[in-house]
2 protein chains.
Amino acid sequence: MRPLFHPAIEDVRPEAILHALSDPERAAIFAQIAGGGSGGTCAALANMRERVIPKSSLSNHIKVLREAGLIRCERQGVEMRNHSRCSELDERFPGLAMAILSAYGWLPREAKAD
Amino acid sequence: MRPLFHPAIEDVRPEAILHALSDPERAAIFAQIAGGGSGGTCAALANMRERVIPKSSLSNHIKVLREAGLIRCERQGVEMRNHSRCSELDERFPGLAMAILSAYGWLPREAKAD
DNA sequence: ATCAACAGTTCCGAACTTCCGAACTATGGA
DNA sequence: TCCATAGTTCGGAAGTTCGGAACTGTTGAT
């Protein structure tokens, strides 16, 4: 499997980010990846909270996040490592990812106002 | 036509906001309303930029924005006044609406970083 | 080499959502 | 009353999403 498609940071569109994160399940996956906790493999993500996500759905969610420019995925042996593109994104759209995660109440590690 | 449904600010869900604003056309309508320029009637919004929006679509966009909690609509005579709920929203989800409008490059009046 | 096991992807049909023209409703003025 | 104006609802065509079953690609064992 050749390197998966990732948009260049300047090609990332705000509507794609909002669309990707407008699904709470997908936003939770992104929060998990951004938090760095699980190591970011699909298997780790699949049963992160009470809900078990079918793997075809998870694969699709990850594809949507990747194509929106939110995460970067690379194969490492048999599994896939997913990591967030937060710092690049924050340069392009300052405060956006953070405001969204914080609206969901899932800020990765920073302080939270409310 | 009795008062239209508007969610209480504490019932506003982040996914609804992101979904509403993940359509660039709808986000542009919201920016226009938030900017306050047009007076916010549908007719004024319909032909705001090069694109003419069919009125059934516009009505639907406004409904989505209203039910997401982004705008407040009230009939005034024969027309409808739409205004944004930015200040309430900013208390509930600090920085969210601003980060989104700024990502689209449509910040209502404040300064812009990049 | 062959095989099995595992991690993730693709395919495709059912269910859901979106778009927009035509028909409708509500308000105000003559 | 009847008309014009501003917006809403209806309905069907087109598009999107979800998830089970079948597939691919990688590793490790025999």
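Letters A, B, ... are given to chains in the order of the sequence lines, protein chains preceding strands, and every chain is numbered from 1. FYI, side chains are in, hydrogens and waters are out, and symmetry mates aren't considered; it's all heavy atoms of this structure. What you are looking at is a predicted structure, and each value in this text was computed from that prediction instead of being measured.
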Margin query: If I take atom CD1 in residue B:Ile29 and atom P in nucleotide D:dG7, what distance separates them, rounded to the nearest angstrom?
Written below: 12 Å
Notebook entry, point to check: Expressed in angstrom and rounded to an integer, what is the separation of B:Ile71 atom CD1 from D:dG7 atom P?
Noted result: 12 Å
Check: So does A:Ser56 reach the base of D:dG20 with its side chain, donor to acceptor, closer than 3.5 Å?
Finding: yes
Next item on the list: Using atom NE2 of B:His61 as one end and atom P of D:dT8 as the other, report the distance to the nearest whole Å.
Entry: 13 Å
Check: Would A:Phe93 and A:Leu70 show up in the same hydrophobic cluster when neighbours are defined by side-chain heavy atoms closer than 4.5 Å?
Finding: yes
Next item on the list: Pick base, sugar-phosphate or nothing for B:Asp23, based on heavy-atom distances below 4.0 Å to the nucleic acid.
Entry: sugar-phosphate
Item checked: Rounded distance (Å) that lies between atom P of C:dT10 and atom NZ of A:Lys55 -> 13 Å
Checklist line | Donor-acceptor pair, side chain of A:Tyr104 and main chain of A:Ala31, under 3.5 angstrom | finding: no
Margin query: Just the rounded figure in Å: distance from P of D:dG20 to CD1 of A:Ile53.
Written below: 13 Å
Item checked: Phosphate-side-chain proximity, B:His19 and C:dT18, N/O vs OP1/OP2 below 4.0 Å -> yes
Check: Cluster question for you: counting only ILVMFWY and a side-chain heavy-atom cut-off of under 4.5 Å, with indirect links fine, are B:Ile71 and B:Leu58 together?
Finding: yes
Check: How long is the line joining CD of A:Glu25 and C1' of D:dT17, in whole Å?
Finding: 12 Å
Next item on the list: By nearest nucleotide on DNA chain D, pick out whichever of B:Ser59 and A:Gln76 is the more 5' one.
Entry: B:Ser59
Notebook entry, point to check: To the side chain of A:Pro54, which of D:dG19, D:dC18, D:dT26 is closest?
Noted result: D:dG19
Next item on the list: Test side-chain contact (heavy atoms from CB on, under 4.5 Å) on B:Asp23 and A:Glu15 and set out the steps.
Entry: CA-CA 6 Å; B:Asp23 178 332; A:Glu15 56 268 43; over 6 Å; no
Check: Of the candidate nucleotides D:dG19, C:dG8, C:dC20, which contains the atom at the shortest distance from the side chain of A:Ser57?
Finding: D:dG19
Checklist line | Any donor-acceptor pair under 3.5 Å from B:Arg92 side chain to B:Val12 backbone | finding: yes
Next item on the list: Would you mind telling me which of C:dG8, C:dA7, C:dT27 lies closest to the side-chain atoms of A:Met80?
Entry: C:dG8
Margin query: What is the distance, to the nearest angstrom, from the CD atom on A:Glu79 to the P atom on C:dG8?
Written below: 6 Å
Checklist line | Integer-rounded Å distance: C:dC12 P and A:Asn60 CG | finding: 16 Å
